[in-house]
Amino acid sequence: MELVEETPYRFRIDRHGDMRVPGVVFASHRLLPSAGDGALEQVVNVATLRGIVGASYAMPDMHWGYGFPIGGVAATDVARGGVVSPGGVGFDISCGVRLLAADLDRADFRRFGERIMDGLGRATPRGPGRGAVWQLPRAGLEHVLLEGSRYAVARGRGTQRDLERCEDGGALDNADPGQVSARAAARGLGQVGSLGSGNHFLEVQAVDEIYDRDVAETFGLHPDQVCVMIHCGSRGLGHQICTDHVRAMDATMADHSLTVPDRQLACAPVDSRAGRAYLGAMAAAANYARANRQVLGVAASDVLREITGHGLELVYDISHNMAKIEQHEVAGRQLTLCVHRKGATRALPPGHPDLPPSLRNAGQPVLIPGSMGTASYVLTGIPGGEAFFSTCHGAGRTQSRHQAVKSVDARALRRDLERGGILVRGSSARGLAEEAPTAYKDVDEVVAVAEGAGLCRRVARLVPLGVVKG
DNA sequence: ATGTGC
């Protein structure tokens, strides 16, 4: 794989073979995937998709994924037969991050720490399988799929202000529950308000450093403040929807004369029956994921209020696994694009019309969870941001889960975290080992490279005080 | 990521 170093933080893969556009990898030498890991080959494969414009992009946290790399961004021109691919969204549709801020500082947390973590541990269903904050009646699921966080708020779980601090006001309006299989719905019914497993977590954090005081203040953040970060997605429902629609699309590829270099890139034109079906189901899963984070956030706020007298205010909620229909200027032309962000976060700049009035001058908060025991970041979009206003989404794995389990002793890891002053409420020893920070890139470096590449700007750095592990 | 594998 030939990489052309354009700047210290930007590498290009020139068009060759069936590529319709070049590949662009935002990374430092250190963060580039090791040769043979397959992620760069996936960037090339994505560049062959029908209708792709600009480039096949990869963020500094990129690594190998299903079809598309995780950390991949690709946009297709809807009017020119551009495709949508479930592999460009990922199995955990609308997996994302919610950050809430408390009117408490680090010293307050030290006073109540064990009680707060016990309370959050009890209030936060986690691990594979069932258990959820919100026991929905069957009829309620349809509302969640159509209305997302708005339905949770309408049922008393949150406030109108919360919705202003959610991407899309808490719900996508093009959800089509008719495209959600009975099996997907059955899996989703009992999981609204649950973390799941893998890299999902709820963390209590402290604001350790502020890079932009004005923007931080607009976001509701100040030094030493206690925050709660929640990272989770659409659970079994999103997974089943992805499985169902990959299968359906795979069967319709020939009808649209589509060929792809990897079967995991199964796709359909956005403007086709299969494409619309997937996007309607994907939006339903996205609404489910937003409601999931909404009710988990409210449950965490209730715990904090009960113990300390102070609840939590929402900073923002943003997804990093989505395909969205957006308007962008490409080579001087205004185009309607299907922007896939898979393990990549939208980063709208100050002044963008999609931002709510309270964030219009600051830009969109970008929430970057670090690996366990390491820092997390709040960033914001910048004018002229490349890759359709996108940036990284986290630290990015360097080791597979299997490799991590082989090389990490879960008990030693827990001891190290607690010695570092981080209170741990786990789910399973294996889950803890899989998520060891040694299995991840350095989030500080990932974020520095994303900023150096001109994708976003740092606003605040948060450090963990306690983790409820999925 | 996922009732972790058809």
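All values below were derived from every heavy atom in this structure, side-chain atoms included, with hydrogens, water molecules and symmetry-related copies excluded. To find a chain, count down the sequence lines: A is the first, B the second, and so on, and within it residues start at 1.
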**Request:** Please determine if D444(A) and R461(A) form a salt bridge, counting it only when a charged side-chain N lies under 4.0 Å from a carboxylate O.
**Result:** yes

**Message:** My understanding is that only one of S234(A), C232(A), C242(A) makes a side-chain contact (heavy atoms from CB on, under 4.5 Å) with D92(A); could you say which?
**Reply:** S234(A)

**Message:** Does this structure show an ion pair linking D442(A) with R30(A), if we count only N-O contacts that are shorter than 4.0 Å?
**Reply:** no

**Asked** Could you give the CZ-to-C1' distance, from R235(A) to dT4(B), as a whole number of Å?
**Response** 12 Å

**Fill in**
R430(A) CZ to dT2(B) C1', in whole Å, measures 14 Å

**Request:** Answer yes or no: does a side-chain N or O of T243(A) lie under 4.0 Å from OP1 or OP2 of dT2(B)?
**Result:** no

**Spacing of Q240(A) atom CD relative to dT2(B) atom P, expressed in whole Å** = 13 Å

**Request:** Round to the nearest Å and state the distance from D244(A) atom CG to dC6(B) atom P.
**Result:** 16 Å

**Asked** So what does R401(A) touch, heavy atoms closer than 4.0 Å: a base, only the sugar-phosphate, or nothing?
**Response** base

**Fill in**
In whole angstroms, the gap separating C1' of dT2(B) from CD1 of I70(A) amounts to 13 Å

**Asked** Salt bridge between R165(A) and E313(A), side-chain N to carboxylate O under 4.0 Å?
**Response** no

**Request:** Find the distance H239(A):NE2 to dG5(B):P and express it as a whole number of Å.
**Result:** 7 Å

**Asked** Which is true for R397(A) with a 4.0 Å heavy-atom rule: it touches a base, it touches only sugar-phosphate, or it touches nothing?
**Response** nothing

**Request:** Starting at atom CZ of R183(A), determine the distance to atom C1' of dC6(B), rounded to an integer number of angstrom.
**Result:** 11 Å

**Prompt:** At under 4.0 Å between heavy atoms, what does E434(A) touch on the DNA or RNA strands: base, sugar-phosphate, or nothing?
**Reply:** nothing

**Asked** Base, sugar-phosphate, or nothing: which does G198(A) touch, judged by heavy atoms less than 4.0 Å apart?
**Response** sugar-phosphate

**Message:** Just the rounded figure in Å: distance from P of dG5(B) to OH of Y66(A).
**Reply:** 12 Å

